[in-house]
Enquirer: 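Quick one: the structure is below, questions incoming.
All values derive from a computational prediction rather than experimental measurement. Note: hydrogens, waters and symmetry copies are ignored here, and every other heavy atom, side chains too, is used.
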Amino acid sequence: YLLRNTEGFENAVVIAQQPVVFAEGDGYFLKATSEEDVILQYLSIQRDNNYIRMVVVGSQTEIERLLPSIESIQRSIVMN
(Lines give C-alpha, C1' and ligand atoms only; values in the text may rest on other atoms or scores of the structure.)
Protein backbone atom coordinates (compact mmCIF):
# COMPACT_ATOMS: atom_id res chain seq x y z
CA TYR A 1 0.00 0.00 0.00
CA LEU A 2 1.14 3.52 -0.78
CA LEU A 3 -0.07 4.52 2.67
CA ARG A 4 2.48 2.32 4.42
CA ASN A 5 5.27 3.97 2.41
CA THR A 6 4.29 7.32 3.93
CA GLU A 7 6.34 8.50 6.89
CA GLY A 8 4.42 7.98 10.12
CA PHE A 9 2.06 5.39 8.63
CA GLU A 10 4.46 2.47 8.20
CA ASN A 11 2.55 0.43 10.79
CA ALA A 12 -0.96 1.43 9.73
CA VAL A 13 -3.48 -1.40 9.75
CA VAL A 14 -5.96 -1.30 6.86
CA ILE A 15 -9.46 -2.02 8.14
CA ALA A 16 -11.53 -1.19 5.04
CA GLN A 17 -10.98 -0.66 1.33
CA GLN A 18 -13.14 -0.22 -1.72
CA PRO A 19 -13.23 1.31 -5.19
CA VAL A 20 -14.59 4.89 -5.33
CA VAL A 21 -14.90 7.72 -7.81
CA PHE A 22 -12.14 10.21 -7.00
CA ALA A 23 -10.74 13.11 -9.04
CA GLU A 24 -13.17 12.35 -11.87
CA GLY A 25 -11.92 8.81 -12.32
CA ASP A 26 -11.68 5.34 -10.93
CA GLY A 27 -10.22 5.64 -7.47
CA TYR A 28 -9.58 3.62 -4.39
CA PHE A 29 -10.42 4.28 -0.75
CA LEU A 30 -8.60 2.93 2.31
CA LYS A 31 -9.48 3.30 5.96
CA ALA A 32 -6.69 2.43 8.38
CA THR A 33 -5.70 2.85 11.98
CA SER A 34 -2.34 3.84 13.40
CA GLU A 35 -1.96 4.00 17.15
CA GLU A 36 -4.91 6.20 18.18
CA ASP A 37 -5.55 7.80 14.76
CA VAL A 38 -7.89 6.90 11.94
CA ILE A 39 -6.51 7.45 8.44
CA LEU A 40 -8.64 7.87 5.33
CA GLN A 41 -6.91 7.75 1.95
CA TYR A 42 -8.47 8.44 -1.43
CA LEU A 43 -6.29 7.70 -4.47
CA SER A 44 -6.74 7.99 -8.22
CA ILE A 45 -4.26 7.15 -10.99
CA GLN A 46 -4.60 9.68 -13.79
CA ARG A 47 -4.33 9.04 -17.54
CA ASP A 48 -0.73 10.34 -17.55
CA ASN A 49 0.16 7.75 -14.86
CA ASN A 50 0.53 10.41 -12.17
CA TYR A 51 -1.66 10.06 -9.13
CA ILE A 52 -3.66 12.32 -6.88
CA ARG A 53 -4.14 11.40 -3.26
CA MET A 54 -6.11 12.86 -0.38
CA VAL A 55 -5.18 11.73 3.14
CA VAL A 56 -7.18 12.64 6.24
CA VAL A 57 -5.95 11.85 9.75
CA GLY A 58 -7.76 12.31 13.05
CA SER A 59 -9.28 10.63 16.04
CA GLN A 60 -12.28 8.37 15.48
CA THR A 61 -14.53 11.07 17.00
CA GLU A 62 -13.11 13.80 14.74
CA ILE A 63 -13.40 11.68 11.61
CA GLU A 64 -17.01 10.74 12.39
CA ARG A 65 -17.92 14.39 13.05
CA LEU A 66 -16.22 15.65 9.89
CA LEU A 67 -17.09 12.76 7.54
CA PRO A 68 -19.80 14.68 5.62
CA SER A 69 -17.30 17.48 4.91
CA ILE A 70 -14.52 15.02 4.05
CA GLU A 71 -16.78 13.22 1.57
CA SER A 72 -17.92 16.54 0.09
CA ILE A 73 -14.31 17.56 -0.53
CA GLN A 74 -13.52 14.13 -1.96
CA ARG A 75 -16.39 14.44 -4.45
CA SER A 76 -15.47 18.01 -5.41
CA ILE A 77 -11.91 17.38 -6.62
CA VAL A 78 -11.74 18.04 -10.37
CA MET A 79 -8.76 17.41 -12.63
CA ASN A 80 -8.17 19.73 -15.58
Side-chain angles (χ1 to χ4, degrees):
Y1 297 110
L2 180 62
L3 183 67
R4 289 195 190 129
N5 291 323
T6 303
E7 186 175 342
F9 301 139
E10 298 88 353
N11 297 317
V13 176
V14 175
I15 58 173
Q17 52 188 321
Q18 67 184 39
V20 294
V21 174
F22 180 57
E24 300 180 303
D26 295 334
Y28 209 70
F29 167 78
L30 290 178
K31 181 176 183 180
T33 58
S34 180
E35 297 183 18
E36 295 186 20
D37 288 328
V38 173
I39 306 152
L40 305 181
Q41 175 183 271
Y42 298 87
L43 174 74
S44 178
I45 307 296
Q46 302 298 295
R47 285 182 222 125
D48 60 5
N49 287 326
N50 289 312
Y51 66 86
I52 183 167
R53 177 170 83 154
M54 182 175 95
V55 178
V56 180
V57 181
S59 70
Q60 181 68 35
T61 302
E62 292 170 324
I63 295 292
E64 288 173 4
R65 181 174 56 84
L66 294 171
L67 192 57
S69 296
I70 293 165
E71 290 175 338
S72 178
I73 294 167
Q74 176 259 323
R75 287 189 305 270
S76 73
I77 295 175
V78 175
M79 300 303 296
N80 292 330

Enquirer: Kindly say whether Phe22 contributes a backbone atom to a donor-acceptor pair with the side chain of Ser44 at under 3.5 angstrom?
Expert: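 The answer is yes, because a donor-acceptor pair under 3.5 Å joins these two groups.
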Enquirer: Would you say the side-chain atoms of Glu71 pair up with the backbone N or O of Ser69, donor to acceptor, closer than 3.5 Å?
Expert: no
Enquirer: Of the non-hydrogen atoms in Val21 and Gln74, which two are nearest, and what is the gap between them?
Expert: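 Where Val21 meets Gln74 most closely, the heavy atoms are O-NE2, 2.6 Å.
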Enquirer: Check whether Phe29 and Ile77 end up in the same hydrophobic cluster, where Ile, Leu, Val, Met, Phe, Trp and Tyr are linked by side-chain heavy atoms less than 4.5 Å apart.
Expert: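 Same hydrophobic cluster.
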Enquirer: Kindly give the heavy-atom pair with the smallest separation between Leu40 and Lys31, and that separation in Å.
Expert: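 Looking at all heavy atoms of both residues, the shortest contact is CD2-CG, 3.7 Å.
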Enquirer: Testing the basics here: between Ala32 and Ala12, what is the closest heavy-atom pair and its distance to 0.1 Å?
Expert: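 Scanning both residues completely, I find the closest heavy atoms to be CB-CB, 4.1 Å.
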Enquirer: With sequence neighbours excluded, what pairs up with Glu35 under the side-chain contact (heavy atoms from CB on, under 4.5 Å) test?
Expert: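 Not a single residue meets the side-chain contact (heavy atoms from CB on, under 4.5 Å) criterion with Glu35.
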Enquirer: Holding to side-chain hydrogen bond (donor to acceptor under 3.5 Å, both in side chains), I want the full list of residues that pass it with Asp48, two or more places apart in sequence or in another chain.
Expert: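 Asp48: side-chain hydrogen bond (donor to acceptor under 3.5 Å, both in side chains) contacts with Asn50.
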Enquirer: Sequence neighbours left out, cut at 3.5 Å: what donor-acceptor pairs do the side chains of residues 51-59 make with other protein atoms?
Expert:
unit_1 : atom_1 : unit_2 : atom_2 : d
Arg53  : NH1    : Thr6   : OG1    : 3.1
Arg53  : NH1    : Gln41  : OE1    : 3.0
Arg53  : NH2    : Thr6   : OG1    : 3.2
Ser59  : OG     : Glu62  : N      : 3.1
Ser59  : OG     : Glu62  : OE1    : 3.3

Enquirer: Which pair of non-hydrogen atoms, one from Val20 and one from Tyr42, has the smallest distance, and what is that distance?
Expert: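 Closest approach of Val20 to Tyr42: CG2-CD2, 4.2 Å.
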Enquirer: Could you state the interatomic distance from OG1 (Thr33) to CG (Asn11), rounded to the nearest 0.5 Å?
Expert: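 Those atoms lie 10.5 Å apart.
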Enquirer: Out of curiosity, Leu43 CG to Leu30 CG, how far, rounded to the nearest 0.5 Å?
Expert: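 With rounding to 0.5 Å, CG (Leu43) is 8.0 Å from CG (Leu30).
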Enquirer: Measuring from Arg75:CZ to Ile70:CD1, what's the distance to the nearest 0.5 Å?
Expert: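 The distance works out to 11.5 Å.
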Enquirer: Show the nearest heavy-atom pair for residues Pro68 and Glu64, with the distance to one decimal.
Expert: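 It is CD-O, 4.1 Å.
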Enquirer: Are Leu67 and Ile73 linked, directly or through intermediate hydrophobic residues, by side-chain heavy-atom contacts shorter than 4.5 Å (ILVMFWY only)?
Expert: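 In one cluster: yes.
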